[in-house]
Amino acid sequence: MSKHWYDHQQIEPKWQQIWEEMKLFQQTERQETGGEAGDPLYLLFAFAYPSGSGLHVGHVESKTALDILARYYRMQGKKVFFPVGWDAFGLPAENYAIKTGIHPAETTRQAIDTFRRQVKRLGISYDWANEIATSHPEYYRWTQWVFLQLYKQGLAYRGIGMVNWCPGCQTVLANEQVVEGACERCGSKVIQKEMEQWFFKITEYKDELISGLDQVDWPEATKHQQLNWIGKKEGAVVKFNLAGSNQQIDCFTTRVDTVFGATFVVMSPEKFRDMELATAPEQAESVAAYIEKAFQKTEEERQIGEKDKTGVDTGLKVINPVNGAELPLYVADYVLGSYGTGAVMGVPAHDLRDFEFAKKHGLEVIQVIDGGAAAEGAECFTDYGKLVNSGKFDGMSSEEAMEAIPADFEEITPETTYRLRDWLISRQRYWGAPIPIVYDPEGNPHPVKEEHLPWLLPTDVDFKPTGESPLRSSKEFIERTERLYGSGWRPEFDTMDTFVDSSWYYLRYVDSRNQEALASQEQLEKWLPVDFYMIGPEHIVLHLLYSRFFTKFLRDQGYLKFDEPFMKMRHQGMILGPDGRKMSKSKGNVINPDEVIEKFGADTLRIYEMFMGPLDADKPWDVRAVIGVHKFLQRVNRLVLGVVERVGELSESDSREKAVRKLHQTIRKVGEDLPALKFNTAIAALMEFINTWDDAVKAGTGLSKAETLLFVKTLAPLAPYMAEELYHALTGVPESDSVHLQGWPEYNEILAQADTIEIGVQVNGKLRGTVAVSPDMIDDQAAVLEQAKSMDSVQRYLSGKNLLKEIYVPGRIVSFVVGE
RNA sequence: GCCGAAGUGGCGGAAUCGGUAGACGCGAGAGACUUAAAAUCUCUUGACCGCAAGGUUGUGUGGGUUCGAGUCCCACCUUCGGCACCA
């Protein structure tokens, strides 16, 4: 081992401890003691679920990326808020409790301790003073408070919702517990069951959840997914009168231009039941049986049976308002009760599903759109075209007809429909925030009084599945309710979806110890909205939608003054196993960050993960490449310590000038790449610089202490431990000083310029040589062309030919076009 | 099926206001040092032809625009992610 070996096992723990004692990154505490100048900048990492298996290399990637930004912006003089917390409620801890009997609070506490230790070891510069955990009563107290605000405004309501029900275990199952349509525990077939549940009326904000996306800097693909989830569609509702009755069936359609081609109408089983339509005795039995069967179907079966197009004729007739045609009314489960109006007009000639249904049930097909050549021979033509068989609308285009037809019939009105449904938040689970509702002896819900918050999660609970919410088994919970609200009162036994916890945590962070409010106005206004949010791609639909909903709601209640919570957002990609597949225990391809830190150090792990490739891409782990990064850091260490120990003057030479230029170019490049999240190219630039510097040292010269210091500062956000160690070695300042309190180094504009620029010379599009041009003659068109033309390798292709065209794009390319 | 993202050496990837493709790293090969190994250092490394100078070819496929295309346009193929009987 050489004398300049960097021993991470000694150095990293040393600085970790010193930083902790100094409270170096505890922005909030620093503020209280006078604060410091600079623009506030809120950097947010999607808080993690503290799983029992500890920190994953994927966590390391996103935490490190954000940490680099935090450190870089601090050096730029910004006042950075970089908080940390835990999404601590959730199913895994509860399942573990069912298996082992260990209370989820205990396993969660242990898991958080492990995560905290690992994160600190990584050198993440979190502001620990505002650490939160959603399972802490002082946190979920405010989760419950938000629920009560929603309740007061009528946006939290009770309704009928579908749950996965296991008839074997007599219990509700989460979607993850349903494996191929069966209970993962006992293997029974899971059915859908209706239960009274609590909902949040997110649909109240559906339009603003669309328009608000214009305000934010998010990846377009993410916005797209949000839009698809909300699923706004413009169309029309056609009212079909029920023959011999004053009842009407509303059918939503996006293709009202095809209304003359309707040959039947189909209702969803739910809709038919809810409308309580009277069928003739001969059909009543088969219709009832069909509906019964449809409700017994599981989600899985509905999907498997997709192609079937089962259905039953009700015997009832409806009247098409556009032409008075009498059409049969069917009930079929290919029509969804929860979308549109729950009923559709069947236009088999122009809708594939209707076509399949018509084929199966022997229904008429009437073509009303002429697609021209495109429709030739097609049995079912679903594109737009010219209307035919549509009375006075014949000859119109589909687009024209979609305007004209609703304008002409009272029974047809333009209508917009959405895919988004209200948010079902009830969970028949233990490890979550209790829903702050109590029921009087008549069963009417009442909000828990605010003075009774936090409405504590009881601890005397049996976790074993019994078919009921675990909270029912708590004597304390029931006694508490009766004591506070009166005898015969009972609490709501369900807990809230953990997405509720995570929909507002970024608000609590800014004032996490506040006892009087969710957060003070002052702190909210100072930091929010979040400037930059880093989140995994798995959370881009629901978590974001729910958080945006909460933000808009709290704004309307006067607590917030902004519309969107996350102004800029980016996603980290997934780190795959060395085999290129998703890491999992069963595949045995999991990389443990602790082991990497043990062997190579946190700085190596950080830089390796940042160097793997673009942040948002999925990348496989390469065990050997980690060593390459480690070698790079060892070279850095050796070169810097060489400067510390050097005696005598530096000799001026070409290679020294080269190194100095490279230094300034590197500072510029890294300063550009870090805020652009291009960590991989920033590190490549640092490596190039090290190569150039090393060349200079080998040529008997090198860099001065002051120059070396610039480099160490440039390295500091990426390799915080090594940079701190080398900073102290170079300057000899006391331990209470830190490289992480220094300003970002400024580069010298002139030195950062390249001394000569190599420009390619093309003849007929093929590269035939390069010319070296100095920066001061870069715009000298004639001189550069002359120089290029005179080169032998170019002349060879020019002589004896006609020079048709000569092009010089300054600093880029010379291009000659020749002909015979 | 629909929506979205992406296809570049042996590997991870760089270069996208169109302008020298393959930066940086890994791996591989040759060499130096060493009793030997590790570590370190030097050189080579897209493919093909050539002793060399050099040439040809090359960014998923096929067309197109252009002096010039990884980058733009059209059509297609493959992979991954999301949604999925959404009327």
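Letters A, B, ... mirror the listed sequences (proteins, then strands); counts begin at 1. Below, each value reflects all heavy atoms present in this structure, side chains not excepted, and no hydrogens, waters or symmetry copies.
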Side-chain N or O of [X] closer than 4.0 Å to phosphate OP1/OP2 of [N]:
X: A:Asn680; N: B:C24; result: no
X: A:Arg419; N: B:A84; result: yes
X: A:Lys619; N: B:G12; result: no

Is the NZ or CZ atom of A:Lys309 positioned over A:Phe357's six-membered ring, under 6.0 angstrom from the centre and within 45° of the axis?
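No, A:Lys309 does not sit over the ring of A:Phe357.
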Short side-chain donor-acceptor distance under 3.5 Å, [Y] and [X]:
X: A:Tyr290; Y: A:Thr310; result: yes
X: A:Arg419; Y: A:Asn228; result: no
X: A:Tyr808; Y: A:Asp780; result: no
X: A:Thr681; Y: A:Asp673; result: yes

What is the nucleic acid contact for [X], judged by heavy atoms within less than 4.0 Å: base, sugar-phosphate only, or nothing?
X: A:Thr254; value: sugar-phosphate
X: A:Pro614; value: sugar-phosphate
X: A:Arg796; value: sugar-phosphate
X: A:Asp616; value: nothing
X: A:Lys631; value: sugar-phosphate
X: A:Phe679; value: nothing
X: A:Val817; value: sugar-phosphate
X: A:Lys232; value: nothing

In whole Å, measure the gap between the [atom1] atoms of [N] and [M] for me.
N: B:C2; M: B:C17; atom1: C1'; answer: 33 Å
N: B:G12; M: B:A6; atom1: C1'; answer: 16 Å
N: B:A23; M: B:G9; atom1: P; answer: 13 Å
N: B:A21; M: B:U57; atom1: P; answer: 13 Å
N: B:G13; M: B:G50; atom1: P; answer: 35 Å
N: B:U56; M: B:C3; atom1: C1'; answer: 43 Å
N: B:G22; M: B:U16; atom1: P; answer: 13 Å
N: B:G68; M: B:A84; atom1: P; answer: 48 Å

Could you check A:Met574 against A:Gly340 and say which one's nearest nucleotide on RNA chain B is further toward the 5' end?
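Taking each residue's closest nucleotide, the earlier one in sequence belongs to A:Met574.
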Using O4'-C1'-N9-C4 for purines and O4'-C1'-N1-C2 for pyrimidines, with syn meaning within 90° of 0, is B:G55 syn or anti?
anti
Taking any strand in view, what nucleotide pairs with [N] in a Watson-Crick or G-U wobble way, both distances under 3.5 Å?
N: B:C2; result: B:G82
N: B:C24; result: B:G12
N: B:A53; result: none
N: B:U66; result: none
N: B:U40; result: B:A32

Nearest whole Å is fine: how far is [N] [atom2] from [X] [atom1]?
X: A:His543; N: B:G82; atom1: NE2; atom2: P; value: 18 Å
X: A:Tyr6; N: B:U40; atom1: OH; atom2: C1'; value: 21 Å
X: A:Phe355; N: B:C85; atom1: CZ; atom2: C1'; value: 16 Å
X: A:Arg581; N: B:U79; atom1: CZ; atom2: P; value: 17 Å
X: A:Gln225; N: B:C2; atom1: CD; atom2: C1'; value: 13 Å

Are A:Phe711 and A:Trp693, when compared by the centres of their aromatic rings, separated by less than 6.0 Å?
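Under 6.0 Å, so yes.
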Measure distances between side-chain N and O atoms of A:Gln762 and base N and O atoms of B:G19, and say whether any donor-acceptor pair falls under 3.5 Å.
yes
Quiz question: going by heavy-atom distance under 3.5 Å, is there a donor-acceptor pair between the base of B:C85 and the side chain of A:Lys309?
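Such a pair is found, so the answer is yes.
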Is a donor on one side and an acceptor on the other found under 3.5 Å between the side chain of A:Arg606 and the backbone of A:Pro717?
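Between the backbone of A:Pro717 and the side chain of A:Arg606 there is a qualifying donor-acceptor contact (under 3.5 Å).
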Taking the side chain as everything from C-beta on, heavy atoms only, tell me whether A:Glu688 gets closer than 4.5 Å to A:Lys669.
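No, side chains not in contact.
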From the list B:C41, B:C85, B:C26, which nucleotide is the closest neighbour of the side chain of A:Arg635?
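For A:Arg635, the side-chain atoms sit closest to B:C41.
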